[in-house]
Undergrad: 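Below you'll find the structure I mean.
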Amino acid sequence: MSRQLLDRQLVDVQGRLVGKVDDVEFAIDTEGRPYLLTLLTGPGALALRVGGRLGRMMALAAERFVTDRPMAPLRIPYPLVARIDSAVWLRVRAEELPTAPVEQWLRRRLIDRIPGAGRASG
Amino acid sequence: MRKLLAATLGILSAVGGFVDIGDLVAASQAGARFGMAHSWVLLLGVVAICAYAEMAGRIAAVTGRAVFDLIRERLGARVALLNLVASYVVTVVTLAAELGGVALAVRLATGVPYLIWVPVAGAAVWLVLWRMRFPVMERLFGLAGLALVVFAVALFWLPTDWAALGRSAVSIEEAGQGWGTYWFVAVALFASTVSPYEVFFFSSGGVEEHWGAADLADARFSVLVGFPIGGFLALALIATATVVLRPAGLAVTGLEQVAHPVVLAFGGLGLAIAALAFFAVTFGAALETGLSAAYAAAQYFGWQWGKRVSPREAARFHTVLLISVLLGVLLLLTAIDPVALTEYMLIISAVALPLTYLPILVVANDRTYLGDRVNGPWLNTLAAALLLVILTASIVAVPLAIGTRMGQ
């Protein structure tokens with residue numbers, strides 16, 4: 001199950017790209033059976049899975065953009081998943097989820113300051 | 001009529017995606033040094049890019065996912081990250097070489113020194129990426145790039161000995177330059193025809209334009225017509241270099257030599273057309289390599305990417321795009337010779353080829369993604385044989401480059 005989910009693209013109801021399934025979390029129910037609890041996405045979770053020096057470098061690079069460290073990944077409760085094919089489709093819109101910190105930082109500090117940032121060129 | 005127009009536009013995109021600074025330099029050098037003896041390499045390269053672009057297009061149309069998206073799913077987070085780093089470096093070095101080509105083309109037309117044009121070219125490429133519509137962008141540069149046909153026309157205008165040209169195309173000779181050099185040029189020419197950015201760009205473009213299973217036939221048609229037209233233009237470059245540069249003993253050290261045959265045939269008008277064609281193909285390829293570098297990063301990390309959403313909604317994608325263009329400009333401002341940069345670019349591309357092509361072949365055979373649209377047995381046989389060629393080119397590229405001192 002987790003092999004089918006890991007590294008897949010997360011897509012919201014409108015087709016916006018939310019991130020990758022960088023890790024998954026399991027929990028154990030009252031009868032002792034494991035079940036899928038949350039999907040994790042974000043450089044913090046990815047860096048741990050990549051591991052080694054490469055993973056640490058990635059985490060350090062991403063943490064430059066946030067104030068609270070270590071960087072917490074975005075947690076998506078598994079019941080929000082609508083269906084799984086070549087991507088993992090969510091029931092919610094991207095706006096209802098917190099925006100990725102790096103995206104937010106670059107949007108505010110860089111891209112929004114360039115004229116024409118609000119219009120799609122198609 | 002509308003269908004015909006759509007088909008033409010698709011072909012233009014494919015032509016624009018094929019010819020770039022790598023082809024201009026590698027094809028002319030091959031012709032100037034070895035005559036037509038590398039024609040078979042070009043043919044093999046065109047077959048390879050057609051087969052693998054068709055697979056990448058089919059994967060994009062059926063799954064809605066682009067190449068790098070699936071590379072991560074198939075290779076896992078860690079190996080795919082190493083692949084991303086290597087692919088990104090190769091693509092940005094290619095972008096730098098293309099920007100150098102743009103600046104050289106403008107110098108050819110204006111006579112104003114090359115280095116002045118480098119930042120201008122970088123700024124222009126970024127501005128077009130920031131504002132121009134995707135299909136307009138591809139087709140405009142594809143159409144202008146067709147001006148390269150002037151090389152084929154020049155061949156008829158000049159007193160070409162067609163029989164001798166034909167004979168040298170079928171006899172593979174090292175022409176007194178040594179087999180090491182022959183194979184070095186062969187690897188460079190092969191890498192220029194199957195540049196990885198071409199498939200990144202092609203498959204991402206398919207996803208961006210929402211190809212479905214119904215568009216599959218059109219995509220296949222564009223590939224199977226457009227890439228061979230690009231190959232024909234590259235062949236014309238080899239042939240004119242064979243006819244003009246080789247007897248004169250001219251070495252290709254810049255775009256002046258590449259353009260020399262058409263200048264000889266048509267004078268100032270020929271120079272103008274050649275400069276326009278060089279500008280169009282290198283500028284178009286600079287756009288594609290810039291986008292491909294950002295596509296690869298965004299698709300690995302799952303970021304929002306593409307030109308259909310506003311830049312503020314794809315801030316990370318547009319930041320990578322901006323940084324890639326800046327890196328390309330900075331690399332050129334070290335005053336590295338752009339033709340030498342192109343030669344190095346072709347060698348590192350050759351080394352990195354399997355990183356792109358192996359995952360495509362694996363996914364194109366995966367029923368969980370493609371259902372019954374997986375490769376048939378004939379295509380698989382062909383693709384496996386081509387993959388062997390790609391692997392061989394990748395393994396021998398660096399030893400040949402060192403052994404021949406970059407083909408000296």
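All values below come from the heavy atoms of this structure, side chains included, with hydrogens, waters and symmetry mates left out. In what follows, chains are A, B, ... by sequence order, proteins preceding strands, each numbered from 1. This structure is a prediction, so every number in the text was calculated from the model and none was measured.
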Undergrad: Below 4.5 Å, heavy-atom pairs only: which of B/Gly64, B/Pro311, B/Gly76 has the largest tally toward chain A?
TA: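 Option with the top pair count is B/Pro311.
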
Undergrad: For chain A, which of B/Thr319, B/Val85, B/Thr368 has the most heavy-atom pairs under 4.5 Å?
TA: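 Between B/Thr319, B/Val85, B/Thr368, the count favours B/Thr319.
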
Undergrad: Answer yes or no: is there an ion pair linking A/Asp7 with B/Arg72, defined by an N-O contact shorter than 4.0 Å?
TA: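 B/Arg72 and A/Asp7: salt-bridged.
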
Undergrad: What part of A/Leu110 gets closer than 4.5 Å to chain B, counting heavy atoms only: side chain, backbone, both or neither?
TA: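 A/Leu110 touches chain B through side-chain heavy atoms alone.
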
Undergrad: Tell me, side chain or backbone of A/Asp22 under 4.5 Å from chain B's heavy atoms, or both, or neither?
TA: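 Both parts, backbone and side chain.
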
Undergrad: So, does B/Tyr300 use its side chain to make a donor-acceptor pair with the main chain of B/Ala77 at under 3.5 Å?
TA: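 Pair found, side chain donor or acceptor close to backbone of B/Ala77.
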
Undergrad: Taking the ring centre of each residue, are A/Tyr35 and A/Phe26 less than 6.0 Å apart?
TA: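 No, ring centres 6.0 Å or more apart.
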
Undergrad: Taking non-hydrogen atoms and a cut-off under 4.5 angstrom, which of residues 88-104 of chain A neighbour chain B?
TA: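 Contacts with chain B: A/Ala100, A/Val102, A/Glu103.
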
Undergrad: Ring centres of B/Phe283 and B/Phe141 under 6.0 Å apart?
TA: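 Aromatic pair counts; centres sit under 6.0 Å.
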
Undergrad: Return the set of residues passing side-chain contact (heavy atoms from CB on, under 4.5 Å) with B/Val62 (not counting sequence neighbours), or none when no residue passes.
TA: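 So B/Val62 forms a side-chain contact (heavy atoms from CB on, under 4.5 Å) with B/Arg58, B/Leu370, B/Arg373.
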
Undergrad: Nearest 0.5 Å, what's the CZ-CZ distance between B/Phe301 and B/Arg316?
TA: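 Interatomic distance, B/Phe301 CZ to B/Arg316 CZ, rounded to 0.5 Å: 9.5 Å.
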
Undergrad: Suppose a student defines contact as a heavy atom less than 4.5 Å from any heavy atom of chain B. Which residues in residues 9-19 of chain A would they list?
TA: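 Interface residues of residues 9-19 of chain A: A/Gln9, A/Val11, A/Arg16, A/Leu17, A/Val18, A/Gly19.
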
Undergrad: So that I can tick it off, tell me whether B/Arg74 and B/Asp366 are bridged by a salt bridge, with the cut-off set at under 4.0 angstrom between side-chain N and carboxylate O.
TA: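 Counted as a salt bridge, because a side-chain N and a carboxylate O are separated by less than 4.0 Å.
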
Undergrad: Could you state the interatomic distance from CG (B/Leu84) to CG (B/Leu75), rounded to the nearest 0.5 Å?
TA: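 Reported value, rounded in 0.5 Å steps: 11.5 Å.
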
Undergrad: Under a 4.5 Å heavy-atom cut-off, does chain B meet the side chain of A/Arg49, its backbone, both or neither?
TA: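 For A/Arg49, the side chain is the part near chain B, not the backbone.
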
Undergrad: So which heavy atom on B/Ala286 is nearest to which on B/Val125, and how close?
TA: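 Closest approach of B/Ala286 to B/Val125: CB-CG2, 3.9 Å.
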
Undergrad: Measure the shortest side-chain to side-chain distance between B/Leu379 and B/Met55 over non-hydrogen atoms and say whether it is less than 4.5 angstrom.
TA: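 Yes, at least one pair of side-chain atoms sits under 4.5 Å.
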
Undergrad: Regarding A/Glu25 and A/Tyr78, is there a side-chain donor-to-acceptor distance under 3.5 Å anywhere?
TA: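 Their side chains do not contain a donor-acceptor pair, so the 3.5 Å distance test is not met.
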
Undergrad: Side chain, backbone, both or neither: which part of B/Arg312 has a heavy atom under 4.5 Å from chain A?
TA: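 It is both, since atoms from each part get that close.
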
Undergrad: CD1 of B/Ile11 to CG of B/Leu143: how many Å apart, nearest 0.5 Å?
TA: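 B/Ile11 atom CD1 to B/Leu143 atom CG measures 12.5 Å (nearest 0.5 Å).
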
Undergrad: Tell me, side chain or backbone of B/Leu70 under 4.5 Å from chain A's heavy atoms, or both, or neither?
TA: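 The answer is neither part of B/Leu70.
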
Undergrad: Atom CG in A/Leu46, atom CG in B/Leu81: separation rounded to 0.5 Å?
TA: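 These two atoms lie 7.0 Å from each other.
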
Undergrad: Within this structure, what is the OG-CD distance for the pair B/Ser204 and B/Gln299, rounded to the nearest 0.5 Å?
TA: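 With rounding to 0.5 Å, OG (B/Ser204) is 4.0 Å from CD (B/Gln299).
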
Undergrad: Nearest 0.5 angstrom please: B/Leu355 CG to B/Ile360 CD1, how far?
TA: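 Atom-to-atom, B/Leu355:CG and B/Ile360:CD1 are 11.5 Å apart.
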
Undergrad: For chain A, which residues of residues 208-220 of chain B have at least one non-hydrogen atom nearer than 4.5 Å to it?
TA: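 Listed by number: none.
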
Undergrad: Consider only side-chain N and O atoms of B/Ser203 and B/Tyr295, and report whether a donor and an acceptor are under 3.5 Å apart.
TA: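 No, because no side-chain N or O of B/Ser203 sits under 3.5 Å from a partner of the opposite role on B/Tyr295.
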
Undergrad: By a 4.5 Å heavy-atom criterion (distance strictly below it), what part of B/Ala314 contacts chain A: side chain, backbone, both, or neither?
TA: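 For B/Ala314, backbone heavy atoms alone lie under 4.5 Å from chain A.
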
Undergrad: Show the nearest heavy-atom pair for residues A/Thr38 and A/Leu40, with the distance to one decimal.
TA: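 The answer is OG1-CD1, 3.7 Å.
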
